[in-house]
Structure formats: structure tokens, C-alpha cells
J.: 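There's a structure below that I have some questions on.
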Amino acid sequence: MPSLQCASSSIIGDQAITFNTQGSVFIIMQIVSVRQVLGGEIPTGTEVTVQGWVRTRRDSKAGFSFIHINDGSCFANLQLVADQALANYENGILRLTSGASVSCRGTVVESRGRGQNVEIQAAEIDIPGLVEDPDHYPIQPKHHSYEFLRTVAHLRPRTNTFGAVTRIRHVAARAIHDFFDRNGYFWVNTPIITASDAEGAGQMFRVSTLDLVNPPRTDEGKIDFGEDFFGRETFLTVSGQLNVEAFCLAMSKVYTFGPTFRAENSNTARHLAEFWMVEPELAFADLGDLATLAEDFLKFVFKQVLERCPDDMAFFAERVEPEAIARLENLIDSPFVRMEYSEAIDILQASGKKFEFKPEWGIDLQTEHERFLTEQHCKAPVVVMNYPDEIKAFYMRLNDDGKTVAAMDVLAPGIGEIIGGSQREERLAVLRSRMAQHELDEATYSWFLDLRRYGTVPHAGFGLGFERLLNYITGLSNIRDVIPYPRTPGNASF
RNA sequence: UCCCCGGUAGCUCAGCUGGUUAGAGCGGGUGACUGUUAAUCACUAGGUCGUUGGUUCGAAUCCGACCCGGGGAGCCA
């Protein structure tokens with residue numbers, strides 16, 4: 001609290017702290033977090049209450065026990081020293097096992113052991129909940145496989161790994177909002193329920209209140225969605241882009257950040273049926289502006305995570321991906337590699353590598369191609385720009401060459417496509433002809449076409465998979481390990 | 001959805017060219033010891049070997065089907 005220099009008092013959660021003009025701290029109520037104690041915010045000699053869950057307990061026959069607790073506030077555990085003189089020592093403290101909850105009143109003291117600067121000399125340890133059946137409690141102080149932890153998604157927040165993931169996820173989300181806020185973007189909450197299929201970005205989940213067993217039928221015997229809740233077929237959104245474009249052409253700089261749904265039968269470490277997507281859209285901008293935005297954006301988020309989560313990142317570097325910190329630092333310091341799609345194809349063809357799919361102008365880049373470019377050729381994230389129009393969506397802007405569109409993908413080592421974006425086709429006539437090519441019904445998109453009729457401007461935007469970003473930051477390789485409750489084909493447990 | 005690999009104690013795994021009572025480490029319990037650090041040492045409990053059919057005198061082990069998980073691919077963020 002050194003930054004607080006004038007007399008003041010504040011209440012944060014359950015604690016009330018009063019400061020005098022000299023900066024001394026008087027604590028009235030003293031429920032504090034492990035982070036505050038270990039961070040040196042609480043002077044030694046102060047009586048406090050700390051609360052959390054037991055990680056390990058060790059007993060000394062000299063008549064006391066060491067209890068390590070974690071409350072999620074930070075990576076590190078706090079050591080409680082419990083003397084046998086405590087009233088519930090025999091019946092309570094000696095029965096503490098991993099996972100039990102404790103509330104401890106005690107004094108912050110300098111530690112007499114190594115491994116921590118301070119610890120709590122307990123005066124009283126309340127135990128709201130022991131672990132029943134401790135020999136079957138799944139979370140032990142040892143290595144667990146990620147596969148196993150997914151089967152206990154309700155308990156894995158208690159592990160080092162998932163605690164770190166949760167804190168980093170929070171900080172990254174905050175950083176995303178901060179980045180856009182500082183750069184004049186407005187957060188637009190686009191609808192979750194939608195009647196339009198955004199460019200066929202993927203299979204959609206149907207939203208309906210019809211009786212599935214006996215639905216109303218039209219005269220032709222088809223299901224009568226006119227009788228459905230919204231009077232038409234509706235789905236969960238696969239992208240907020242089309243909706244946010246309308247706000248872009250009024251607010252200039254906007255973004256969405258929310259859940260997105262894809263009913264694809266994708267069984268990979270990179271796909272979820274429910275994930276969070278960030279979609280900025282900026283007016284009066286071209287593809288180059290967009291690539292710059294993507295780069296600035298990623299660098300800002302990475303920087304924030306490194307600054308605010310050093311302990312968590314150190315853990316991932318030590319246990320998961322040795323390069324986790326170094327590669328973020330390198331990325332922050334160096335410009336992204338940008339290349340034309342045509343150039344990427346040339347590089348792949350000249351590489352002499354044997355690919356399962358032969359790189360040829362006109363095909364979409366395969367995972368093996370992306371990996372070569374990011375992991376071997378550039379050893380850095382790569383922005384590939386201007387793809388053949390046949391392999392990209394209808395709304396992407398047709399380039400003057402007539403055969404490519406102003407699309408870009410940001411590819412990250414180990415993850416593949418982390419961002420996909422484009423400059424949008426703002427010319428009404430061109431957009432209509434591209435819609436015709438894609439056999440899209442103009443009536444469905446009439447409002448989207450209006451945006452080109454009434455004060456159209458060049459604009460561009462991208463989509464970023466939030467969980468893929470977290471995979472890249474943490475080095476965790478499976479997308480199911482960076483979201484609290486993963487939804488994948490055949491699995492909606494918890 | 002396709003290709004490959006796997007499912008043995010609460011967890012991580014060994015055992016699998018078929019053959020007595022299926023093992024280890026961690027975790028749990030008991031005890032010893034210690035300002036301890038995923039402590040250490042001793043003892044101990046704990047398993048219908050994914051499910052289901054089949055081959056065989058005999059199956060954790062071989063074969064089929066199914067379920068679940070992992071890796072890779074496609075689709076994409």
C-alpha cells in the first residue's frame with residue numbers, strides 16, 4: 001500500500017483497512033488473502049485471518065504441524081504453523097488432508113524455515129469442511145494427467161495448473177478489454193441467438209421450443225418453424241461479425257467478446273463446441289491496418305500477462321513449455337512476419353519438404369503447411385495475406401487482381417490459426433455478385449446489404465479464438481484445459 | 001467423420017510371445033523421526049484388469065463388437 005499517502009480508509013471484501021498520513025496501516029478486520037500475506041502487504045506481527053484449502057500437511061513430533069493452504073489468490077501456498085496446544089489439534093488439525101477447508105486466525109511471522117519468508121503462527125484454526133473419504137479424494141499433491149483432470153472438472157480448479165490457467169484467463173480477458181478501451185473501441189454485445197447463418201462459418205446449434213417428438217407441420221409436411229418461439233428458424237451464433245459490422249459503420253471502432261457456438265463434429269485439441277471469440281471491426285481501414293491491429297493487440301495482451309502473472313507463467317515455463325515466457329518476450333520485441341499467400345506457397349514448394357498435401361496455388365493451407373511456416377521457416381507467428389477468393393468467405397473484399405481476396409490469417413507456432421480476418425467487401429455490386437456465386441439468399445442478408453447502400457466505407461475485422469490464445473500463452477496443448485467446462489462432441493458434463 | 005494408440009488400486013504406471021495368491025510409486029490408515037517444504041523410514045488396507053461375446057483345460061494377456069480417452073487429419077477460431 002505504499003502508493004496511498006493520505007489519510008483514508010477502504011473496505012475491500014471482508015477487510016477494512018485504515019491508513020494514517022504517515023502511511024501506517026491499521027487493520028480493523030483482518031481477513032486477508034494468501035497473496036497479500038506472501039506479497040509482504042501485511043507487516044509481521046499483525047494478527048490476520050486467512051482462509052483456503054489444504055494442499056499438504058506435515059506433522060512434527062516436536063508438537064506442531066505445517067499446513068500449506070491455497071486460496072486461489074496467487075500461485076504460491078501459505079504455510080500455517082499449528083501447535084499441539086490448539087484446542088482441536090488432535091481431533092481436527094491432525095485429520096486435515098488435501099482439499100479440506102480451513103479458516104485460520106493467527107499472526108504473520110517471519111518463517112524459521114526455508115522456502116518462504118513469512119508464515120502464519122496459528123492461534124485458532126476453524127475447519128468448515130474436512131474431506132470425507134480422503135483415500136478417494138481425486139486431487140493429490142502429485143502429478144495428474146490432464147485427461148484425468150477433465151473427468152473431475154469441478155475439482156481441477158484446486159490444482160496448480162488450473163489455478164494458474166484461471167488467473168491467466170482472467171488477466172488476458174481484462175487485457176483484451178483494456179486494449180480496446182484505450183484505443184477507442186466500443187464493446188458491442190451481439191446476440192447469442194440468431195436467425196442468420198454467418199457465412200456458413202460452421203454447423204449451428206438449433207434453438208427451438210417446438211415439441212421435438214410431435215412438431216407442428218406445414219401443409220407440405222415440413223416442420224413449421226413459423227410456430228416456433230421466434231416465428232422462424234433460429235440458432236446459436238457462430239460469429240458476431242455481421243451484427244457488429246452494423247455498429248462499426250456508426251461507431252467506427254467496435255469489438256465483440258463473448259461465447260460462440262459451433263456444432264461441428266470436430267475432435268481435436270484445438271476445437272470446442274462452445275468457445276469465446278474476440279471480433280474487432282474498424283471502419284476506414286484496410287487489410288494492412290488490420291494486420292497492424294492484430295499485432296498490437298497480441299503484443300499488448302502478452303505483455304499484460306507477463307507483467308501480472310509472473311508466478312503462473314514461471315510455472316508453465318517450468319512444467320509445461322520451457323519456451324513459454326521466452327517466446328512471448330521475443331514476440332513482444334519483434335515485428336510479426338508478414339507474407340502474401342502466393343509467397344507462402346512459393347516457400348512451401350521451395351522447402352523440399354515432403355507434405356502429405358502438395359502445396360499449390362489455389363488450395364487452402366493445411367495444418368502441416370502452417371506448422372512448417374511458423375515452427376520451422378519463420379520460428380514466429382506469421383501473418384499470411386491475400387488468399388484465393390474460392391477458398392474464402394463471400395464478404396471478404398475482392399482484390400484488384402480479381403482472383404484473391406483481402407483475407408489474413410495469423411498463424412502461431414504449435415497452435416496454427418489463432419486469428420482469421422479480412423477487409424470486408426464494401427462495394428454493393430461486388431458483394432451482390434459474390435453472394436450470387438456463393439448461392440446465398442439476398443433476402444436473408446438485406447440488412448447487411450443496406451450497410452453498403454447507406455454510407456458504405458472500407459472496413460476490416462478479425463476473429464480471435466480466446467482459448468487458442470490461452471493455449472499459446474500457457475503452452476498447454478489441449479484447448480479443453482484452458483476453459484472451465486469444455487463442451488465437445490459427446491461431452492457436456494458438469 | 002477418418003487413421004493410429006490406449007483403458008490394470010483413489011492417481012501415475014509396470015505386467016500382456018496365455019499358466020499358481022495381479023505388482024510398484026504416490027495418496028489413505030497406523031507407528032517412528034524431524035522447523036517441515038510433493039519431507040523421510042517401517043508396517044498396513046485397497047483391484048469383477050472399460051463392457052460384452054468368443055477361442056481355450058485355463059484369459060489382464062489372443063479374437064470380434066461396443067463404450068470411453070489420447071495423438072494425428074479434415075472443418076475452423
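Each chain gets a letter, A, B and so on, in the order its sequence line appears, and its residues count up from 1. If you're wondering where the values come from, they're calculated on a predicted model, not measured in any experiment.
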J.: Identify, between A/Q79 and A/T56, the residue whose nearest nucleotide on RNA chain B lies closer to the 5' end.
T.: A/Q79

J.: In Watson-Crick or G-U wobble terms, both distances under 3.5 Å, what is the partner of B/A9?
T.: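 Its partner is none (no Watson-Crick or G-U wobble pair with both distances under 3.5 Å).
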
J.: According to a strict under-4.0 Å criterion, is A/R480 in side-chain N/O contact with OP1 or OP2 of B/G70?
T.: yes

J.: So, A/S33 versus A/D71: side-chain donor-acceptor pair below 3.5 Å or not?
T.: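 Looking only at side-chain atoms, A/D71 and A/S33 do not form any donor-acceptor pair under 3.5 Å.
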
J.: Contacts to RNA chain B from residues 158-173 of chain A, heavy-atom cutoff under 4.0 Å, which residues?
T.: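 Nucleic-acid contacts, sorted: none.
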
J.: Tell whether A/H271 reaches the base of B/C76 with its side chain through a donor-acceptor pair below 3.5 angstrom.
T.: yes

J.: Looking only at the side chain of A/H68 (C-beta and beyond, no hydrogens), which of the listed nucleotides B/U12, B/U36, B/U37 gets closest?
T.: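 Among B/U12, B/U36, B/U37, the one nearest the side chain of A/H68 is B/U37.
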
J.: In whole Å, measure the gap between the C1' atoms of B/C66 and B/G6 for me.
T.: 16 Å

J.: Answer yes or no: side-chain N or O of A/S266 and base N or O of B/C76 forming a donor-acceptor pair under 3.5 Å.
T.: no

J.: Let me know the distance between CZ of A/R270 and P of B/G70, rounded to the nearest Å.
T.: 14 Å

J.: Walk along nucleotides 24-30 of chain B from 5' to 3' and tag each nucleotide B, S or - by protein heavy-atom contact under 4.0 Å, base first, then sugar-phosphate.
T.: -BBSS--

J.: Under 4.0 Å between any heavy atoms, over every strand shown, what does A/R150 touch: base, sugar-phosphate, or nothing? Just pick one.
T.: sugar-phosphate

J.: When the distance from CD of A/Q84 to C1' of B/U34 is rounded to whole Å, what number comes out?
T.: 14 Å

J.: Could you list all the ring pair (Phe, Tyr, Trp, His ring centres under 6.0 Å) pairs where at least one residue sits in residues 126-147 of chain A, not counting sequence neighbours?
T.: A/H144-A/F148

J.: Indicate whether any N or O donor in one side chain lies under 3.5 Å from an N or O acceptor in the other, for A/S60 and A/R58.
T.: no

J.: Going by modelled atom types, is there a donor-acceptor pair between the base of B/A77 and the side chain of A/R262 at under 3.5 Å?
T.: yes

J.: Looking for any heavy atom pair under 4.0 Å, which part of the strands does A/S65 touch: base, sugar-phosphate only, or nothing?
T.: nothing

J.: Identify which nucleotide among B/A32, B/C75, B/G35 has an atom closest to any side-chain atom of A/S60, counting heavy atoms from C-beta outward.
T.: B/G35

J.: With a 3.5 angstrom cut-off on both distances, give the Watson-Crick or G-U wobble partner of B/U1, or none if there isn't one.
T.: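 Looking at the geometry, B/U1 pairs with B/A73.
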
J.: Does the ring centre of A/F257 sit less than 6.0 Å away from the ring centre of A/Y185?
T.: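 Not close enough - the centres of the two rings lie 6.0 Å or further apart.
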
J.: Which whole number of Å gives the distance between the C1' atom of B/C16 and that of B/G23?
T.: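 It works out to 14 Å between them.
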
J.: Going by heavy atoms closer than 4.0 Å, what residues in residues 482-494 of chain A are next to RNA chain B?
T.: none

J.: Run A/K353 and A/F372 through side-chain contact (heavy atoms from CB on, under 4.5 Å) and show every step you take.
T.: CA-CA 9 Å; A/K353 283 265 300 181; A/F372 176 81; 3.6 Å; yes

J.: If you compare every side-chain N and O of A/Q366 against the phosphate oxygens of B/G74 (OP1, OP2), does one of them come in below 4.0 Å?
T.: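 For B/G74, OP1/OP2 do have a side-chain N/O of A/Q366 under 4.0 Å.
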
J.: Show the atom names and distances, to 0.1 Å, of all donor-acceptor pairs under 3.5 Å that link a side chain in residues 120-128 of chain A to residues at least two apart or in another chain.
T.:
unit_1: A/E124; atom_1: OE1; unit_2: A/R105; atom_2: NE; d: 3.1
unit_1: A/E124; atom_1: OE1; unit_2: A/R105; atom_2: NH2; d: 3.3

J.: With P as the reference atom in both, quote the distance from B/G18 to B/U44 in angstrom, rounded to an integer.
T.: 34 Å

J.: Under 4.0 Å between a Lys/Arg side-chain N and an Asp/Glu carboxylate O for A/R150 and A/D481?
T.: yes

J.: If you look at every strand shown and take non-hydrogen atoms under 4.0 Å, does A/E274 touch a base, only sugar-phosphate, or nothing?
T.: nothing

J.: Looking just at side-chain N and O atoms, do A/W361 and A/S342 make a donor-acceptor pair shorter than 3.5 Å?
T.: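 Present: a donor and an acceptor within the cut-off.
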
J.: Report yes if some heavy atom in the side chain of A/V118 is under 4.5 Å from a heavy atom in the side chain of A/T44; otherwise report no.
T.: yes

J.: Between B/G69, B/A77, B/G35, which nucleotide gets closest to the side-chain atoms of A/S111?
T.: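 Shortest atom-to-atom distance from the side chain points to B/G35.
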
J.: Can you check the distance between B/A38 and B/A24, where both ends of the measurement are the P atom (answer in whole Å)?
T.: 25 Å

J.: State which of B/A77, B/A73, B/G35 makes the closest approach to the side chain of A/N267.
T.: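 Nearest to the side chain of A/N267 among the choices is B/A73.
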
J.: Side-chain donor-acceptor contacts of residues 289-304 of chain A below 3.5 Å, not counting sequence neighbours, with atom names and distances?
T.:
unit_1: A/D289; atom_1: OD2; unit_2: A/D286; atom_2: N; d: 3.0
unit_1: A/T292; atom_1: OG1; unit_2: A/G288; atom_2: O; d: 3.0
unit_1: A/T292; atom_1: OG1; unit_2: A/R338; atom_2: NH2; d: 3.2
unit_1: A/E295; atom_1: OE2; unit_2: A/K299; atom_2: NZ; d: 2.9
unit_1: A/E295; atom_1: OE2; unit_2: A/F336; atom_2: N; d: 3.1
unit_1: A/K299; atom_1: NZ; unit_2: A/S334; atom_2: O; d: 3.0

J.: Taking atom C1' in both B/A60 and B/C49, compute the distance separating them and give it to the nearest angstrom.
T.: 4 Å

J.: With both distances under 3.5 Å as the test, what is the Watson-Crick or G-U wobble partner of B/U56?
T.: none

J.: Give A/L272 one of three labels, base, sugar-phosphate or nothing, depending on what nucleic acid heavy atoms sit under 4.0 Å from its own.
T.: base

J.: Base, sugar-phosphate alone, or nothing: which one does A/E279 contact when heavy atoms must sit under 4.0 Å apart?
T.: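 Counting heavy atoms under 4.0 Å across all strands, no contact is made by A/E279.
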
J.: Check every atom of B/A73, B/G35, B/C33 against the side chain of A/T367 and return the nucleotide holding the closest atom.
T.: B/A73

J.: Between A/H154 and A/Y485, is any side-chain donor less than 3.5 angstrom from a side-chain acceptor?
T.: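 Per modelled atom types, A/H154 and A/Y485 side chains form no pair under 3.5 Å.
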
J.: Remember a base hit wins even if backbone is also touched, and classify A/I139 as base, sugar-phosphate or nothing at under 4.0 Å, heavy atoms.
T.: nothing

J.: Salt bridge or not for A/E281 and A/R424, using N-O below 4.0 Å?
T.: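 Looking at A/R424 together with A/E281, the answer is yes, because their closest N to O distance falls below 4.0 Å.
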
J.: Provide the distance between the two P atoms, one in B/G25 and one in B/A45, to the nearest whole Å.
T.: 14 Å

J.: Tell me: CD of A/Q203 to C1' of B/C75, nearest whole Å?
T.: 10 Å

J.: Within the 3.5 Å criterion, strictly below it, is a donor on A/R55 or A/N160 matched to an acceptor on the partner's side chain?
T.: yes

J.: Is there a donor-acceptor contact under 3.5 Å linking the side chains of A/N386 and A/T404?
T.: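 Per modelled atom types, A/N386 and A/T404 side chains form no pair under 3.5 Å.
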
J.: Which of the following nucleotides, B/G72, B/G74, B/A39, is nearest to the side chain of A/R58?
T.: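 From the listed options, B/A39 comes nearest.
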
J.: Under a plain distance cut-off of 3.5 Å, with no hydrogens placed, do A/E47 and A/T107 share a side-chain donor-acceptor pair?
T.: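 A/T107 vs A/E47: no donor-acceptor pair found between side chains.
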
J.: Report the residue (A/T268 or A/S477) whose heavy-atom-nearest nucleotide on RNA chain B is the more 5′ of the two.
T.: A/S477

J.: Any strand counts, and the cut-off is 3.5 Å on both contacts for Watson-Crick or G-U wobble. Which nucleotide pairs with B/U51?
T.: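 Result: B/A65.
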
J.: Determine the contact category for A/N77: base if any of its heavy atoms lies under 4.0 Å from a base atom, sugar-phosphate if only primed atoms, P, OP1 or OP2 are that close, otherwise nothing.
T.: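 Touches nothing.
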
J.: Whole angstrom is fine here: how far is it from CG in A/N471 over to P in B/A77?
T.: 16 Å

J.: What distance, rounded to whole Å, do you find between the two C1' atoms, one in B/A32 and one in B/A39?
T.: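 Between the two C1' atoms, the distance is 14 Å.
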
J.: Taking atom P in both B/U55 and B/U61, what distance in whole Å separates the two?
T.: 15 Å

J.: If we call it a pair only when both distances are under 3.5 Å in a Watson-Crick or G-U wobble match, what pairs with B/C43?
T.: B/G29

J.: Are A/R206 and A/E233 within salt-bridge range, i.e. N to O under 4.0 Å?
T.: yes

J.: Can you tell me which nucleotide in B/G74, B/G69, B/G72 comes closest to the side chain of A/E147?
T.: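 Looking only at side-chain atoms, A/E147 lies closest to B/G69.
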
J.: Expressed as a whole number of angstroms, how long is the span from A/R114:CZ to B/A39:P?
T.: 17 Å

J.: Any base atoms under 4.0 Å from A/F66, or only sugar-phosphate, or nothing? Heavy atoms, all strands.
T.: base

